[in-house]
Amino acid sequence: MFRAPRGTSDLLPEQQKYWRYIESKAMELAGEYGFGRIDTPVFEDSGLFIRSVGEGTDIVEKEMYTFEDRGGDSVTLRPEGTAPVCRAYLEHGMHNLPQPVRMYYFCPVFRYERPQAGRFREHHQFGVEVLGDPDPSVDAEVIELASRFMSSLGLSDIDILVNSIGDPECRPAYISQLKTYYSGFTDRLCEDCLSRLDRNPLRLLDCKVETCRALGDEAPRSSDHLCQPCQEHWDRLRDYLAAMEISYQVDHRLVRGLDYYTRTVFEVQPRDVGGQSTILGGGRYDGLIEELEGRPTPGIGFATGMERLTLNLQRGGIEVPEIVSPSYLVANVGAEARPAALKLAAELRRAGVGAILSSGSRALRGQMRQANALNVPYALILGEDEIQRGEVVVRDMASSTQETVPLQDFMGAVANRSA
RNA sequence: GCGAGCGUAGCCAAGUGGCCUAAGGCGCCUGUCUGUGGCACAGGAGAUCACGGGUUCGAACCCCGUCGCUCGCCCCA
């Protein structure tokens with residue numbers, strides 16, 4: 001038997017309510033802030049991601065779904081959402097639009113990883129991007145949006161972590177300080193950290209091994225080594241966040257795995273457990289558009305994982321609205337009633353109300369059971385008697401009461417109610 | 001890429017060498033109730049016990065391999 005590929009899953013009808021809930025909240029908020037929706041292709045030229053995400057990153061090095069298409073071009077299933085949006089910004093000359101340009105997206109993203117709790121090979125993101133404005137007020141606004149998004153979902157047990165990792169001006173000097181610091185403790189570093197020392201020194205900071213953590217506490221902090229413009233950006237951001245009364249924590253260990261981030265980085269984490277816990281991550285990427293051969297254009301955004309949001313909604317016991325079932329089940333008895341039932345169901349749907357046609361192959365008893373199991377408020381019963389008299393039995397399932405009414409009157413009432 | 005655990009019907013599972021032609025529960029279907037649901041009772045369908053090999057007189061159960069799933073590390077949403 002075929003199964004869904006490793007790390008992927010089917011989103012079954014009974015789970016859809018979470019997604020609908022998250023999507024509706026996200027779209028509502030995005031609209032409030034003036035974001036327009038963008039949808040980009042599921043796959044892109046492989047070079048786009050190699051260039052933007054960074055050659056040395058894990059994503060590019062070992063996680064991309066890259067293949068040659070039949071024409072011999074190398075394409076890659078989108079491993080993240082920001083680069084395609086930037087590509088679209090450039091391709092469609094959006095620098096000619098009023099700046100900044102605000103866009104949001106929902107899309108599947110693909111990374112070849114070992115699946116575990118909250119981590120998949122295909123997952124789905126909601127993300128926002130603001131392109132064309134360097135001002136820290138935009139950072140504050142985007143972080144505020146993230147915060148509002150969490151509270152609108154009902155997720156309250158979360159921390160918002162914020163940091164500044166500088167820019168190409170000041171970061172190299174900081175990184176070399178960091179290396180110097182850690183090089184003095186090579187005897188105390190874990191094996192992973194020893195390799196990070198060469199490959200990705202920033203990552204030393206968020207190692208989870210106890211001894212490494214202790215070293216990280218005392219390590220030089222990026223926010224203490226910012227160049228003057230970065231420092232000013234960082235100071236103003238914190239002023240704005242304070243002015244907006246956003247509760248957040250500065251986390252000097254916060255770094256992100258993609259090369260394009262500059263200055264502001266932030267994450268949202270649930271308060272309880274560790275593991276694959278980050279539910280939202282983002283930051284500023286002022287060099288990215290230029291890296292993609294555009295005029296220097298600043299940008300900032302974040303992405304959230306639908307699956308992790310759902311997980312947290314479920315863990316938090318947060319009630320989400322059920323997807324409404326149709327109002328009517330049309331039961332029918334006897335061969336004569338079958339076409340009449342089909343017609344009635346079709347008319348109801350045309351009138352804008354949902355109707356499920358019950359299979360006439362079952363006894364009426366079975367059809368009523370079905371009505372009960374499907375949780376429809378009303379069952380409509382058509383039998384030969386009703387057909388002859390031009391009537392229909394309308395049964396209110398909740399109160400177990402029913403009345404026989406002329407079909408025309410019933411349809412008239414339905415039309416009035418839905419109008 | 002590394003480490004650990006687990007695979008018995010759609011789901012939850014009992015069973016740890018013969019009494020297993022595999023218990024029970026949920027769900028599904030049918031009947032009791034000849035055209036009326038939720039409850040109850042009765043019945044039914046649904047399992048090559050993940051797959052392959054081995055040990056044994058005998059394997060769901062022990063051993064080996066494979067595959068799959070889950071969890072952790074790395075990394076990330």
Side-chain angles (χ1 to χ4, degrees), chain A residues 1-9 12 14 22 53 56-63 78-82 106-127 146 190-193 195-196 199-200 202-203 206-209 255-258 267-270 273-282 301-312 329 331-334 337 358-387 393-402 404:
Chain A
M1 202 170 49
F2 292 110
R3 337 166 111 260
R6 187 165 168 73
T8 70
S9 55
L12 301 174
E14 66 259 30
I22 295 167
V53 175
T57 59
D58 276 17
I59 290 181
V60 169
E61 233 169 47
K62 48 194 191 197
E63 295 178 356
R78 163 177 54 216
E80 62 99 39
T82 299
F106 291 97
C107 68
V109 314
F110 305 86
R111 291 177 204 166
Y112 190 83
E113 307 186 83
R114 278 292 282 277
Q116 66 192 66
R119 198 179 69 185
F120 313 97
R121 289 185 173 177
E122 178 189 36
H123 77 276
H124 298 77
Q125 295 189 344
F126 159 62
C190 70
E191 211 173 302
D192 285 327
C193 279
S195 77
R196 286 184 182 116
R199 303 169 46 92
N200 197 350
L202 283 177
R203 283 257 153 242
D206 69 347
C207 183
K208 286 168 192 79
V209 176
V255 296
R256 315 224 66 241
L258 291 72
E267 280 189 6
V268 173
Q269 297 202 350
V273 283
Q276 312 304 318
S277 55
T278 300
I279 52 186
L280 177 150
F302 69 71
T304 66
M306 299 288 285
E307 287 83 356
R308 288 189 188 173
L309 285 169
T310 301
L311 199 69
N312 279 278
L329 178 130
N332 56 100
V333 186
S358 178
S359 163
S361 64
R362 289 187 183 185
L364 182 58
R365 178 184 175 72
Q367 299 184 52
M368 296 306 290
R369 277 189 177 161
Q370 197 186 0
N372 188 62
L374 294 175
N375 213 5
V376 296
Y378 299 97
L380 305 178
I381 303 167
L382 282 175
E384 290 173 17
D385 296 351
E386 286 79 18
I387 303 287
V393 174
V394 181
R395 182 174 180 82
D396 182 324
M397 297 299 288
S399 65
S400 296
T401 57
Q402 66 186 46
T404 307

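In the text below, chain A, chain B and the rest are named by the order of the sequence lines, each starting its count at 1.
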Exercise. Watson-Crick or G-U wobble partner for rU55(B), using a 3.5 Å limit on both distances?
Worked result: none

Exercise. In a check of side-chain contact (heavy atoms from CB on, under 4.5 Å) between T304(A) and each of V268(A), I279(A), L280(A), I22(A), which one passes?
Worked result: L280(A)

Exercise. Whom does rU21(B) pair with, Watson-Crick or G-U wobble, provided both distances fall under 3.5 Å?
Worked result: none

I'd like a table of atom pairs between the protein and nucleotides 28-31 of chain B - only N or O on both sides, under 3.5 Å - with the distance next to each one.
unit_1  : atom_1 : unit_2  : atom_2 : d
rC29(B) : OP1    : R362(A) : NH1    : 3.4
rC29(B) : OP1    : R362(A) : NH2    : 2.7

Problem set entry | Candidates rG35(B), rG37(B), rA77(B) - which lies nearest the side chain of M397(A) | rG37(B)

Exercise. Which heavy atom of A371(A) sits nearest a heavy atom of A379(A), and at what distance?
Worked result: CB-CB, 4.4 Å

Problem set entry | Whole-angstrom distance between rC39(B) and rC28(B), as gauged at atom P | 10 Å

For this session: State the pairing partner of rG31(B); accept Watson-Crick or G-U wobble contacts with both distances under 3.5 Å, and report none otherwise.
Result: rC41(B)

Exercise. What interatomic distance, in whole Å, is found between C1' of rU55(B) and the corresponding atom of rC61(B)?
Worked result: 13 Å

Problem set entry | Any Q367(A) side-chain nitrogen or oxygen under 4.0 Å from OP1 or OP2 of rU36(B) | no

Exercise. Quick one: does E386(A) reach the base of rG35(B) with a side-chain donor-acceptor pair under 3.5 Å?
Worked result: yes

Seminar exercise, completed: For I381(A) and M368(A), the nearest pair of non-hydrogen atoms, with its separation, is CD1-SD, 4.2 Å

Exercise. Of V394(A), V393(A), N332(A), which meets side-chain contact (heavy atoms from CB on, under 4.5 Å) against L380(A)?
Worked result: V394(A)

Exercise. Considering Watson-Crick and G-U wobble pairs with both distances under 3.5 Å, what does rU70(B) pair with?
Worked result: rA4(B)

For this session: Write down the distance separating the C1' atoms in rG24(B) and rG65(B), rounded off to the nearest Å.
Result: 34 Å

For this session: Classify the side-chain pair E267(A)/T278(A) by whether it contains a donor and acceptor separated by less than 3.5 Å.
Result: yes

Problem set entry | Between rG68(B) and rA22(B) - C1' atom distance, rounded Å | 23 Å

Using a cutoff of under 3.5 Å, can you pull out all pairs of nitrogen or oxygen atoms linking the protein to nucleotides 2-5 of chain B, with atom names and distances?
unit_1 : atom_1 : unit_2  : atom_2 : d
rC2(B) : N4     : R114(A) : NH1    : 2.9
rG3(B) : O6     : R114(A) : NH2    : 3.1

Exercise. Hey, does R256(A) reach any base, or is it just sugar-phosphate, or nothing, if we go heavy atoms under 4.0 Å?
Worked result: sugar-phosphate

Exercise. What does rA9(B) pair with, Watson-Crick or G-U, if both distances are under 3.5 Å?
Worked result: none

For this session: Taking only the side-chain heavy atoms of R3(A) (C-beta and beyond), determine which of rG72(B), rA77(B), rG68(B) contains the nearest atom.
Result: rG68(B)

Problem set entry | Any Q116(A) side-chain N or O less than 4.0 Å from OP1/OP2 of rC71(B) | no

Seminar exercise, completed: Mate of rC49(B) across any strand shown (Watson-Crick or G-U wobble, both atom pairs under 3.5 Å) is none

Exercise. Are the side chain of R78(A) and the backbone N or O of P108(A) linked by a donor-acceptor pair below 3.5 Å?
Worked result: yes

Seminar exercise, completed: Comparing nearest nucleotides in RNA chain B, the 5'-proximal residue of the pair I279(A), T401(A) is T401(A)

Exercise. What's the shortest heavy-atom distance between Q125(A) and A303(A), and which atoms?
Worked result: OE1-CB, 3.4 Å

